[in-house]
Peer 1: 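Dumping the structure here so I can ask a few things about it.
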Amino acid sequence: MIVISSAFAQSAAAAGPESSLLSFLPLILMFGVLYFLAIRPQMKRQKEHKTMVESLQKGDEVVAAGGLAGRIAKINDAYITLEIAELGDKTVDVVVQRAAVQTVLPKGSLKDIR
């Protein structure tokens, strides 16, 4: 026959409101750390990217997604046309989404690259 000690057989005491608040404290702290280390910086980067995309102008030299570098030839609401190369008297143009622009280069940077 198995004998259960009286310490294990007694029921647990009812938890008070302080105890339940303390049990949520680690979860609240983890969310706070996650917010300041991940969520907030990501929101800041998105806001900066949106501002940069809205301020694009014809003639800006940019790098698009995938590393495509070129000069903006045409702009409309959703797309831009990039001049990526010159072949004799013609230019090679590519149409990309505005949101695909990752970086605006300083003027004259494309001459250094080509």
Side-chain angles (χ1 to χ4, degrees):
M1 173 153 100
I2 300 177
V3 179
I4 300 174
S5 70
S6 60
F8 290 117
Q10 294 177 357
S11 63
E18 299 86 20
S19 177
S20 63
L21 181 62
L22 288 176
S23 67
F24 281 114
L25 188 61
L27 184 64
I28 293 168
L29 289 175
M30 287 184 350
F31 180 76
V33 169
L34 177 70
Y35 177 77
F36 283 107
L37 292 180
I39 297 171
R40 189 169 176 232
Q42 179 64 26
M43 288 172 46
K44 184 178 178 183
R45 279 192 297 272
Q46 285 177 341
K47 185 177 179 182
E48 289 172 354
H49 183 261
K50 182 180 177 186
T51 304
M52 185 258 314
V53 168
E54 289 174 350
S55 67
L56 291 175
Q57 299 176 7
K58 183 178 176 180
D60 285 347
E61 297 175 357
V62 298
V63 175
L68 189 65
R71 182 176 295 111
I72 297 176
K74 297 177 190 172
I75 298 179
N76 64 24
D77 293 337
Y79 295 95
I80 61 173
T81 302
L82 290 180
E83 295 177 356
I84 58 170
E86 295 177 5
L87 296 175
D89 58 344
K90 295 184 179 182
T91 60
V92 179
D93 295 338
V94 177
V95 178
V96 296
Q97 291 181 335
R98 284 182 86 142
V101 174
Q102 293 179 340
T103 309
V104 177
L105 299 172
K107 297 284 183 184
S109 295
L110 289 180
K111 290 180 183 176
D112 295 338
I113 295 172
R114 293 180 185 171

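All values below were derived from every heavy atom in this structure, side-chain atoms included, with hydrogens, water molecules and symmetry-related copies excluded.
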Peer 1: Look up atom CD in Gln57 and atom CD1 in Ile75, then write down how far apart they are to the nearest 0.5 Å.
Peer 2: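 Gln57 CD to Ile75 CD1: 7.5 Å, rounded to 0.5 Å.
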Peer 1: Hydrophobic cluster membership, with links at side-chain heavy-atom distances under 4.5 Å among I/L/V/M/F/W/Y: are Leu56 and Val94 in one?
Peer 2: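 Looking at the clustering, Val94 is in the same group as Leu56.
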Peer 1: Listing request: all salt bridge (charged side-chain N to carboxylate O under 4.0 Å, His left out) pairs with a residue in residues 56-66, at least two apart in sequence or in separate chains.
Peer 2: Asp60-Lys107, Glu61-Arg71
Peer 1: When Ile, Leu, Val, Met, Phe, Trp and Tyr are grouped by side-chain heavy atoms lying under 4.5 Å apart, directly or through other members, which residues fall in the same group as Tyr79?
Peer 2: Val95
Peer 1: What residues, two or more places apart in sequence or in another chain, satisfy side chain to side chain contact (heavy atoms under 4.5 Å, CB included) together with Ala99?
Peer 2: none
Peer 1: Would you please name every residue forming a side chain to side chain contact (heavy atoms under 4.5 Å, CB included) with Leu37, sequence neighbours left out?
Peer 2: Val33
Peer 1: Check side chain to side chain contact (heavy atoms under 4.5 Å, CB included) between Phe36 and all other residues, then give those that pass, not counting sequence neighbours.
Peer 2: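 For Phe36, the residues satisfying side chain to side chain contact (heavy atoms under 4.5 Å, CB included) (neighbours in sequence not counted) are Arg40.
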Peer 1: Taking side-chain hydrogen bond (donor to acceptor under 3.5 Å, both in side chains) as the test, write out the residues that go with Gln42, two or more places apart.
Peer 2: Arg45
Peer 1: Can you list the residues that meet the side chain to side chain contact (heavy atoms under 4.5 Å, CB included) rule with Val53, with sequence neighbours excluded?
Peer 2: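 Side chain to side chain contact (heavy atoms under 4.5 Å, CB included) list for Val53, sorted by chain: His49, Arg98.
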Peer 1: Other than Ile28, which residues form its hydrophobic cluster under the rule that side-chain heavy atoms must be closer than 4.5 Å?
Peer 2: Phe24, Leu27, Met30
Peer 1: Work out which heavy atom in Gln102 is nearest to a heavy atom in Ala65; give both atom names and the distance.
Peer 2: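 Closest approach of Gln102 to Ala65: NE2-CA, 3.6 Å.
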Peer 1: To the nearest 0.5 Å, how far apart are CG in Asp93 and OG1 in Thr81?
Peer 2: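 Reported to 0.5 Å precision, the distance equals 6.5 Å.
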Peer 1: For Leu82 versus Ala64, what's the shortest heavy-atom pair and its separation?
Peer 2: CD1-CB, 4.2 Å
Peer 1: With sequence neighbours left out, what residues match Thr103 under side-chain hydrogen bond (donor to acceptor under 3.5 Å, both in side chains)?
Peer 2: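 Expected list: none.
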